[in-house]
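Working notes, structure below.
Hydrogens, waters and symmetry mates play no part in the numbers below; they use all other heavy atoms, side chains included.
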Amino acid sequence: MSIEQPALNEAYAAIDLGSNSFHMIVAEAEGNSIRKIDSLRMPVRLGAGLDKNIRLTPETEAAALDALAKYAERLREVPLKHIRIVGTNTLRRARNKDHFMREARRLLGKPIEIIAGREEARLIYSAVAHTFPDNNQRRLVIDIGGGSTELIIGQGLNPTLMESVNMGCVSYTSRFLDSSGKLSNGSLKKAMVEAELELQPLIVAYRDSGWDEVIGCSGTIKAASRMLSELGISDGTITQEGLRKLMRMAVKAGSVEAMNLNSISQSRMQVVAGGLTVLCAIMRTLGIEAMRSSQVALREGLIFDMLGRAEHVDIQSQTLANLTSRYSIDIRQAARVESTAAMLFGHVAEPWKLDPETDLELLVWAARLHELGMGVAHTQYHKHGAYILENSDLLGFTLAEQKALSLLVRYHRRKIENEAFDSLPEEERQRLLRLLSILRLAALLHRGRHDEPLDQINLRIKDGQITVIAPQAWLDEHPLTSAELAAEAERLTHISIKLKAEKSA
């Protein structure tokens, strides 16, 4: 069987490393939508492969890497810049994921982006919003994954309410249901009660927001729709009454496998009961009367997100603008530091082997947000800003990007604590420390908060040393900055970067 190959520079690929299955799609843009060229699903069951210490077992890691090796073969014809690989609930939780992440990058040529639950929700909504006709109705979109469930309300292309809850088909199957697959009314009820308790904090906000239609995504909901249709309970529309009939039939048969259904795979049968308990709880708690099933989910959302970035629809810039407004950042000072940081970056990028796209982008983000914490308190504002960045849901950003931003903002002034960077891979550690030195120098040069050009300042990088070169007259006019440069030279020695100031000829 031959597989249609897109033109080399037109194909996009997305891989979703879910808690139940790994999914990959290859697609290309087609008008305002996408055309799927290829897709592949691997039932890795990553969520079931965590031991009691929340660590991936060697067997699970081996199975996951084997699946990625198969994906790597299909990705050979796709440009690396058109590929995104994301990890969700299980990789957010796994304590020993670093080795798997390194091996995955070696196989695929791209790093895995671990995304937060609300970012996952945003991408899921994007897939649905781009796929279903825009009739200006308010939509409630529900995605039940292996380890988490996302609930999003939006209108058109804009999500307005997003949450991610730690409950999914794999986690609920392993927590509440018999490992043999045998079902009982008692175990199903226990799982549903637990799910309803998880949903309690969301009820008021979601009911107050309201919706006109409900669309469900991913394996559990697609399986429920197919089961209802095959059993003649409905045309595939999911209702509370239909689910109750389905659950009674499953209990009567003894297990989902014993129902001998053709509409769902064997791997899905092993976890679908746990997912159905979550689905029942959601529909009952929120009072949902009917739900349609969608064929798109997170992976399609990733494709639309890449296409949006190519068209300069930049959710990251919107997130930065929201933070700037919410925390009343001094935009003139941020612009001063950003401009100087970008100028300094131009001097060091080549000798330090920094990426003029991704590394400069991260530096610019940090410059715009370096005074974020002043919206909380001036005292130790760098610590407040770092906490906000690491613990907020920053739409459009991966957890790794949030961590990097947090570190740059936390240590852009005062003492640098080496141990804060020790958990990073050596290459990433060196990259961040070099970016940090640029940010610190830019912030230092603008401590006076004046709109003063720095055209007279030059920079030289040689043998691992930064030399700031300025006219003697400038140094004499800026005694505080001169003193700060001397103090900064001492601080940077702790991260093996040499700094000195000298007067120009």
Side-chain angles (χ1 to χ4, degrees), residues 16-21 23 45-48 50 86-93 114-128 139-154 159-177 188 190-207 209 211 213-225 238 240 243 247 268 271-288 290-294 296-301 393 395:
D16 163 17
L17 307 182
S19 298
N20 184 49
S21 303
H23 293 268
R45 303 278 301 283
L46 200 67
L50 293 177
V86 299
T88 55
N89 182 268
T90 297
L91 288 179
R92 288 195 287 266
R93 297 170 57 219
I114 299 180
I115 56 176
R118 291 190 72 216
E119 173 66 359
E120 185 178 352
R122 180 187 73 84
L123 291 164
I124 290 164
Y125 182 83
S126 176
V128 172
R139 294 189 178 111
L140 168 59
V141 177
I142 298 168
D143 184 299
I144 300 174
S148 66
T149 293
E150 283 66 49
L151 301 100
I152 314 101
I153 292 178
T160 55
L161 184 60
M162 297 178 287
E163 290 294 345
S164 180
V165 186
N166 285 321
M167 54 187 191
C169 63
V170 174
S171 59
Y172 269 51
T173 296
S174 61
R175 283 179 63 190
F176 299 106
L177 305 182
L188 293 174
K190 185 177 179 181
M192 281 188 273
V193 168
E194 178 67 19
E196 289 174 1
L197 289 172
E198 288 282 350
L199 292 164
Q200 283 298 312
L202 313 182
I203 294 174
V204 173
Y206 277 76
R207 286 184 173 175
S209 179
W211 55 82
E213 62 177 353
V214 183
I215 298 171
C217 307
S218 290
T220 289
I221 291 172
K222 288 193 291 186
S225 176
I238 302 170
Q240 290 191 51
L243 283 178
M247 299 289 264
R268 177 61 59 184
V271 296
V272 73
L276 291 175
T277 63
V278 172
L279 180 55
C280 286
I282 292 171
M283 295 190 73
R284 189 162 69 184
T285 302
L286 296 182
I288 297 170
M291 177 190 299
R292 287 191 290 163
S293 172
S294 167
V296 298
L298 172 59
R299 48 206 171 273
E300 286 81 9
D393 288 320
L395 299 183

Inset, instruction - Just jot down the side-chain hydrogen bond (donor to acceptor under 3.5 Å, both in side chains) partners of S209, sequence neighbours excluded, or say none. - result: R138
Inset, instruction - Taking the side chain as every heavy atom from C-beta outward, state whether L286 and L199 have any pair of such atoms under 4.5 Å apart. - result: no
Inset, instruction - To the nearest 0.5 Å, tell me how far K190 NZ sits from T277 OG1. - result: 12.5 Å
Legend entry - Value rounded to 0.5 Å, distance of OH in Y172 from CG in L279: 13.0 Å
Legend entry - 4.5 Å side-chain heavy-atom contact, V271 and R268: yes
Inset, instruction - Would you confirm whether S218, through its side chain, and I144, through its main-chain N or O, come within 3.5 Å as a donor-acceptor pair? - result: no
Legend entry - Set of side-chain hydrogen bond (donor to acceptor under 3.5 Å, both in side chains) partners for T90, sequence neighbours left out: S19
Inset, instruction - Verify side chain to side chain contact (heavy atoms under 4.5 Å, CB included) between C217 and V141, making sure each step is shown before the conclusion. - result: CA-CA 7 Å; C217 307; V141 177; 3.8 Å; yes
Legend entry - Student check: side-chain heavy atoms of Y125 and E150 closer than 4.5 Å: no
Legend entry - Donor-acceptor contact present, side-chain S294 to main-chain V296, <3.5 Å: yes
Legend entry - Test item: I238 and M283 side chains (from C-beta on) under 4.5 Å apart, heavy atoms: yes
Inset, instruction - Hey, could you give me the SG/CG distance between C280 and L188, rounded to the nearest 0.5 Å? - result: 8.5 Å
Legend entry - Side-chain touch R92/S148, heavy atoms, less than 4.5 angstrom: yes
Legend entry - Between NE2 on residue H23 and CZ on residue R299, distance to nearest 0.5 Å: 4.5 Å
Inset, instruction - Take I215 and M291 through the side chain to side chain contact (heavy atoms under 4.5 Å, CB included) test and state the conclusion after the steps. - result: CA-CA 6 Å; I215 298 171; M291 177 190 299; 5.9 Å; no
Legend entry - CE-CE distance between M192 and M247, expressed to the nearest 0.5 angstrom: 4.5 Å
Legend entry - Side chain proximity check, V214 to R139, heavy atoms < 4.5 angstrom: no
Legend entry - Side chain proximity check, I221 to I142, heavy atoms < 4.5 angstrom: yes
Legend entry - Main-chain N/O of I153 paired with T160 side-chain donor or acceptor, under 3.5 Å: yes
Inset, instruction - Indicate yes or no for a side-chain donor-acceptor contact from T285 to the backbone of I282 under 3.5 Å, with no hydrogens or angles considered. - result: no
Inset, instruction - Would you check if the side chain of Q240 reaches a backbone N or O of I288 as a donor-acceptor pair within less than 3.5 Å? - result: yes
Inset, instruction - Determine yes or no for a side-chain-to-main-chain donor-acceptor pair under 3.5 angstrom, with Y206 supplying the side chain and L140 the backbone. - result: no
Inset, instruction - Have a look at I152 and tell me which of M162, R118, R122 forms a side chain to side chain contact (heavy atoms under 4.5 Å, CB included) with it. - result: M162
Legend entry - Nearest heavy atoms of A273 and L177, plus distance in Å: CB-CD1, 3.6 Å
Legend entry - Candidate pair L298 and T88, rule side chain to side chain contact (heavy atoms under 4.5 Å, CB included), full reasoning: CA-CA 10 Å; L298 172 59; T88 55; 3.8 Å; yes
Legend entry - Shortest non-hydrogen contact between L243 and L276, atoms and distance: CD2-CD2, 4.2 Å
